[in-house]
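Following: one structure in structure tokens, then a few remarks.
First the proteins, then the strands, lettered A, B, ... as listed; each starts at 1. All heavy atoms count here, side chains included; hydrogens, waters and symmetry mates do not. Quick caveat, the model's predicted, so the values are computed rather than measured.
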Amino acid sequence: MIDPTILRTDPDRIRESQRRRGEDVAIVDRLITADSAQRTAQQRFDDLRNKQKTLGKQIGPLQGALKKADEGQRASLQSEVDALMVQASALADEVKSADAEANAAGLLADELWLQISNLVNLDSPVGGEADFKVLELVGQPRDFASEGFEPKDHLDLGESLDAIDTVRGAKVAGSRFFYLKGQGALLEFALLNLAMQQAVSHGFIPMITPAIVLPEAMEGTGFLGQAAENVYRLEQDDLYLVGTSEVPLAAYHADEILDQDQLPLRYAGWSSCFRREAGSYGKDTRGIIRVHQFDKVEMFVFTTPEAAEAEHGRLLQWERDFIDALEIPYRIIDVATGDLGSSASRKFDIEAWIPTQGTYREVTSTSNTTEFQSRRLKIRMRDGKHQRPVATLNGTLCAMPRIIVALLENHQQVDGSVRIPQALQAFLGGKTSFTPSA
RNA sequence: GGAGGCGUCGCCUAGUCCGGUCUAUGGCGCCGCACUGCUAAUGCGGUUUGGGUCUUAACACCCAUCGGGGGUUCAAAUCCCCCCGCCUCCGCCA
């Protein structure tokens, strides 16, 4: 959620953000109403409760005196107690109803708060999915025509290398599931190790996280809003399968107050990721570009709000370093306001060149979620005498299937083998290429 | 899955049986001040978190907060119910 004082002092800022996202603007006014109603109701309850406590405190001592009192005083004390009891009893009813009202008003306000997305960064390009801005093109796509052969797509390559099996994936688990096999499985381990080695060298703490989380973690990271339809839910246990280890990493410090001295805290999480891919029927049905389950190394950072923007730049740089090491051509885009998701105020994607598609496809994504998640998850930092929310950021270091797609397609050779980039060779026993099985 | 025990404001801890004097005790840690060649020690004061009064800061005050939720009561850390977590033992298990 965003800073409530902004709603009270500068609601136009929220309206403008909603407008740029293409989201409901009128909700801001409903929230203003609900917010002030909530505070009024709470104040009424507080006042009544204060009266009740004041009154209640008189009864105890009086009853004590009553016990010790002699016959003469007893009657008058008793009537005093009775009178107080009658008053207190009436007040108790009022308190009860005021409490119920305040709670109801609070629930309504909370519900609306959850629907407001993070304030967009004013530098984000305005528009929908297609209105991204290309910031940079890196590397040169290969000219397969001049090399004299037609590139195969990653699935053809993966099958001839006996590295990817989507047919049996579908047989066993349904469409959009796959097996990595043999050199394919080893490739994933190599990528994992390269990614972790890089992350650790930059001070990230490696983490293997739960892939199933409570509703609070999902809600707190902003995945139960518009993104909810893509989240797997285990109904019987009221748990969720995570779509990214961003969720368990963010929630790791929920309800905690961090020392400002220890910031930034950088974590590199490894987990399986699960996505329903609802609404993408017919899209990317071939191969492993869009699947229900995959593994990913995710970077996640807790830092001060002031340092967040610079950290965002570093996350992007580390993502670039990784793709550079794999020698894959790519471009960097500044994602448009309508495509940010509810948590991000700004988002940069790296899209790798996919030769058989003749286009760039998303392989990483880094978001500055400012204080949006930390407010929901109650992650604060001690800042002198005060505490205030931290900023959180996330970025993909290595999403396995898409990196494997880019790697296979870009480094394929005319004989059907695939060149292994130098940086990866050490993690594959010094091998320099993957070769088709006989 | 079964039996038993436990959950208190950073950590440890008193309080829960028998409801009001709990504005939650004490210790450790931490912060400030004083004292002292320095450090240490000592003394004094402060130190849960959230919301509000309040346009900002300080101060003050009010409300909530004793794992979470509900209930009983004029009044709940304390009594009742449900849930969650931790520990010990048993069963099962990679």
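Between A:R176 and A:D284 there is no salt bridge, since none of the side-chain N atoms of the basic residue sits less than 4.0 Å from a carboxylate O of the acidic one. A salt bridge links A:D24 with A:R30: the closest approach of a Lys/Arg side-chain nitrogen to an acidic carboxylate oxygen falls below 4.0 angstrom. Between A:E256 and A:R380, no side-chain nitrogen of the basic residue sits less than 4.0 Å from a carboxylate oxygen of the acidic one, so the salt-bridge criterion is not met.
In summary, the side chains of A:K347 and A:T366 do not present any donor paired with an acceptor at a separation below 3.5 Å, with no hydrogens or angles considered. Defined by atom type and a distance below 3.5 Å, a donor-acceptor pair is missing between the side-chain atoms of A:S245 and A:E298.
Between A:Q42 and B:G50 there is no side-chain polar atom (N or O) within less than 4.0 angstrom of OP1 or OP2. Residue A:N50 has a polar side-chain atom (N or O) positioned under 4.0 Å from OP1 or OP2 of B:C63. The shortest distance between the side-chain N/O atoms of A:K53 and the OP1/OP2 oxygens of B:G20 is not below 4.0 Å. Contact annotation: A:R49 side-chain N/O to B:A64 OP1/OP2 distance is under 4.0 Å. The shortest distance between the side-chain N/O atoms of A:Q87 and the OP1/OP2 oxygens of B:C74 is not below 4.0 Å.
Nucleotides B:A3 and B:G91 place their C1' atoms 11 Å apart, quoted to the nearest Å. Nucleotides B:C93 and B:C82 place their C1' atoms 30 Å apart, quoted to the nearest Å. Straight-line distance between the P atoms of B:C66 and B:U8: roughly 12 Å, to the nearest whole Å. Across the C1' atoms, B:A14 and B:G26 are found 7 Å apart, a figure rounded to whole Å. B:U78 and B:U25: their C1' atoms are spaced 15 Å apart (whole Å). Using atom C1' as the reference point in both B:C28 and B:U88, the two lie 28 Å apart (nearest Å). The same atom, P, is picked in B:G85 and in B:U73; the two are 32 Å apart, to the nearest Å. When the P atom is compared between B:C54 and B:C44, the two are found 39 Å apart, to the nearest whole Å.
Ring to ring, A:Y252 and A:Y267 are close: their centroids are under 6.0 angstrom apart.
Atom CG of A:N103 and atom P of B:G50 are 20 Å apart (whole Å). Rounding to whole angstrom units, CG of residue A:D238 and P of B:C84 are separated by 12 Å. In this structure, A:L258 places its CG atom 13 Å from C1' of B:G10, rounding to the nearest Å. Separating the CE atom of A:M381 from the C1' atom of B:U49 is a distance of 17 Å, rounded to the nearest angstrom. Rounded to whole Å, atom C1' of B:G67 lies 12 Å from atom CG of A:D255. Summarising the geometry, the separation between CG on A:L55 and P on B:A75 is reported as 11 Å, rounded to the nearest angstrom. Distance, A:R39 CZ to B:U55 C1': 12 Å, rounded to whole Å. Following rounding to the nearest Å, A:Q38 (CD) and B:G50 (P) show an atom-to-atom distance of 16 Å.
Nucleotide B:A64 has B:U49 as its partner under the Watson-Crick or G-U criteria, with both atom distances under 3.5 Å. The pairing partner recorded for B:C11 is B:G27, the criterion being a Watson-Crick or G-U wobble arrangement whose two distances lie under 3.5 angstrom. When both distances must be under 3.5 Å, the Watson-Crick or G-U wobble mate of B:G4 is B:C87. Across all strands shown, B:G32 forms a Watson-Crick or G-U wobble pair with B:C44, both key distances being under 3.5 Å. Base pairing annotation: B:A77 forms no Watson-Crick or G-U wobble pair, as no partner gives both donor-acceptor distances under 3.5 Å. Remark: B:U16 base-pairs with no nucleotide in the shown strands. Criterion, Watson-Crick or G-U wobble with two distances under 3.5 Å.
A:I257 comes within 4.0 angstrom of the backbone, heavy atoms only, and of no base. Counting any heavy atom pair closer than 4.0 Å across all strands shown, A:K378 reaches no nucleic acid atom. Contacts of A:R44 with the nucleic acid, taken as non-hydrogen atoms under 4.0 Å apart, are absent. Among the heavy atoms of the strands, none lies under 4.0 Å from A:K51.
Residues A:Q43 and A:Q52 both approach RNA chain B. Their nearest nucleotides, taken by heavy-atom distance, put A:Q43 toward the 5′ side. Remark on RNA chain B: of its neighbouring residues A:T54 and A:A88, the 5'-side contact belongs to A:T54, judged by nearest-heavy-atom nucleotide.
Listed nucleotides: B:A75, B:U49, B:A64. Nearest to the side chain of A:A92: B:A75.
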Would you please test A:F302 and A:H253 for ring pair (Phe, Tyr, Trp, His ring centres under 6.0 Å) and show each step? CA-CA 9 Å; A:F302 301 85; A:H253 285 301; 5.0 Å; yes

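Taking 4.5 Å as the limit, every side-chain heavy atom of A:V291 sits out of range of all side-chain heavy atoms of A:F177.
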